[in-house]
Q: 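The following block contains the structure, expressed as structure tokens.
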Amino acid sequence: MKIDIPGTLEEWNARGEDYFPGLIGARFTKVATDAIVGEFDVHRALHSWNGFLHAGSVVTLADTCCGYGTLKNLPEGANGFTTIDLSTNFLGTALDGTVICTATPLHLGRTTQVWDAVVRADTGKSMAQFRCTQMILWPRG
């Protein structure tokens, strides 16, 4: 099975529209082998009942950025990937404005990739540090 990897930024943005990233309004401004940049606008539906931005929206953005980076860097012949570990350290929040995530590769191997992501408010305030490990999937048989 050959995996379909988007070619243009418009195709990368369309890829997630009908899925979970689309629910939070994620959009991507850069998808390259060395960095992925994504963002979403803060609005009430992304808040928790206590009025703060829900942590899941931040993790979703970071995980999606890292996933798009993994897809962009899949080794020849691989047919996919899956997240096998992730961790997030929250440093702050945003009550409005835009949340921006920049993901960069730490390790691009044939069996795993490790990605780091920094999430910030559009004011520059740090919100979270994120790291995930992706397992590269290969055809069986």
Side-chain angles (χ1 to χ4, degrees), residues 1-50 52-141:
M1 175 180 95
K2 180 159 174 48
I3 191 159
D4 179 32
I5 300 174
T8 67
L9 196 55
E10 291 76 23
E11 290 170 337
W12 283 101
N13 276 298
R15 177 63 60 95
E17 281 179 352
D18 293 334
Y19 298 95
F20 197 56
L23 287 177
I24 68 164
R27 59 189 178 273
F28 298 86
T29 58
K30 179 180 181 177
V31 179
T33 55
D34 64 339
I36 302 352
V37 180
E39 61 187 27
F40 65 76
D41 295 323
V42 177
H43 53 88
R44 187 173 189 271
L46 299 180
H47 287 200
S48 184
W49 62 268
N50 63 4
F52 289 101
L53 184 62
H54 195 287
S57 63
V58 174
V59 172
T60 297
L61 181 62
D63 188 48
T64 304
C65 285
C66 294
Y68 280 16
T70 302
L71 185 58
K72 182 79 173 168
N73 285 283
L74 273 183
E76 185 68 35
N79 66 349
F81 69 94
T82 189
T83 303
I84 57 174
D85 184 61
L86 58 81
S87 71
T88 307
N89 295 103
F90 291 96
L91 310 169
T93 192
L95 300 177
D96 56 26
T98 302
V99 173
I100 304 160
C101 176
T102 302
T104 55
L106 182 65
H107 167 73
L108 297 175
R110 288 190 49 78
T111 56
T112 61
Q113 292 187 18
V114 179
W115 284 79
D116 283 338
V118 176
V119 182
R120 291 188 168 82
D122 59 4
T123 61
K125 176 182 168 186
S126 290
M127 293 177 54
Q129 296 286 114
F130 178 91
R131 176 170 285 176
C132 72
T133 303
Q134 309 282 14
M135 180 174 64
I136 306 301
L137 303 175
W138 294 91
R140 292 184 176 193

Q: For a 4.5 angstrom cut-off between non-hydrogen side-chain atoms, does Q129 reach V118?
A: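 Answer yes - side chains close enough.
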Q: Just to verify, what does F130 make a ring pair (Phe, Tyr, Trp, His ring centres under 6.0 Å) with, not counting sequence neighbours?
A: none
Q: Testing the basics here: between T64 and P21, what is the closest heavy-atom pair and its distance to 0.1 Å?
A: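 Shortest heavy-atom separation between T64 and P21 comes out as OG1-CG, 3.6 Å.
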Q: Of all the heavy-atom pairs spanning A32 and I36, show the shortest one and how long it is.
A: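 Taking A32 first and I36 second, the nearest heavy atoms are O-CD1, 3.0 Å.
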Q: Within this structure, what is the CG-SG distance for the pair L61 and C101, rounded to the nearest 0.5 Å?
A: 4.5 Å
Q: Would you check, one step at a time, whether the test side chain to side chain contact (heavy atoms under 4.5 Å, CB included) holds for R15 with I5?
A: CA-CA 10 Å; R15 177 63 60 95; I5 300 174; over 6 Å; no
Q: Quick test of your reading: applying ring-ring contact (aromatic ring centres under 6.0 Å, His included), list the pairs with at least one residue in residues 5-40, sequence neighbours left out, ordered by first then second residue.
A: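 Qualifying pairs, neighbours excluded: W12-Y68, F28-Y68.
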Q: Using 0.5 Å steps for rounding, measure from the CG atom of L9 to the NZ atom of K30.
A: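 If we round to the nearest 0.5 Å, L9:CG and K30:NZ are 11.0 Å apart.
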Q: If I compare all heavy atoms of L53 with all of L46, which pair ends up nearest, and what's the gap?
A: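 Taking every non-hydrogen atom into account, CD1-O, 3.5 Å.
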Q: Looking only at non-hydrogen atoms, find the nearest pair between A62 and V119 and report the distance.
A: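 Shortest heavy-atom contact: CB-CG2, 4.2 Å.
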Q: Are side-chain heavy atoms of V42 and H47 found at a separation under 4.5 Å?
A: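 Yes. Closest side-chain heavy atoms under 4.5 Å.
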Q: Partners of N89 by side chain to side chain donor-acceptor pair (under 3.5 Å), sequence neighbours excluded?
A: none
Q: Where do A128 and T88 come nearest, in terms of heavy atoms and distance?
A: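 Shortest heavy-atom contact: CB-CG2, 3.9 Å.
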Q: As an exercise, state the distance from CZ of F81 to CD1 of I136, rounded to the nearest 0.5 Å.
A: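 These two atoms lie 8.0 Å from each other.
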Q: Count the heavy atoms of every other residue, nucleotide or ligand shown that sit under 6.0 Å from CG of D34, and state whether that count exceeds 12.
A: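 It does: D34 CG has more than 12 such atoms within range.
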Q: For residues 109-116, dump all side-chain donor-acceptor pairs below 3.5 Å to protein atoms at least two apart in sequence or in another chain.
A:
{"residue": "Q113", "atom": "OE1", "partner": "W115", "partner atom": "NE1", "Å": "2.9"}
{"residue": "Q113", "atom": "NE2", "partner": "N73", "partner atom": "O", "Å": "3.1"}
{"residue": "W115", "atom": "NE1", "partner": "T70", "partner atom": "OG1", "Å": "3.3"}
{"residue": "D116", "atom": "OD1", "partner": "R131", "partner atom": "NE", "Å": "2.5"}
{"residue": "D116", "atom": "OD1", "partner": "R131", "partner atom": "NH2", "Å": "3.2"}
{"residue": "D116", "atom": "OD2", "partner": "R131", "partner atom": "NH2", "Å": "2.9"}

Q: Taking side-chain contact (heavy atoms from CB on, under 4.5 Å) as the test, write out the residues that go with A55, two or more places apart.
A: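 Counting only residues at least two positions away or on another chain, A55 forms a side-chain contact (heavy atoms from CB on, under 4.5 Å) with F90.
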Q: Could you list the residues that satisfy salt bridge (Lys or Arg N to Asp or Glu O under 4.0 Å) with D41, not counting sequence neighbours?
A: R27
Q: Give, for atom CG of L91 and atom CZ of R120, the distance between the pair rounded to the nearest 0.5 Å.
A: 9.5 Å
Q: Determine whether more than 12 heavy atoms belonging to other residues, nucleotides or ligands lie under 6.0 Å from atom NE2 of H54.
A: no
Q: Which value, rounded to the nearest 0.5 Å, describes the distance between T93 atom OG1 and L95 atom CG?
A: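 Rounded to the nearest 0.5 Å, the OG1-CG separation comes to 5.5 Å.
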Q: With rounding to the nearest 0.5 Å, note down the distance linking NE2 in H43 to CD1 in I24.
A: 8.0 Å
Q: Might you point out which heavy atoms bring T104 and A35 nearest each other, and give the distance in Å?
A: CG2-CB, 4.2 Å
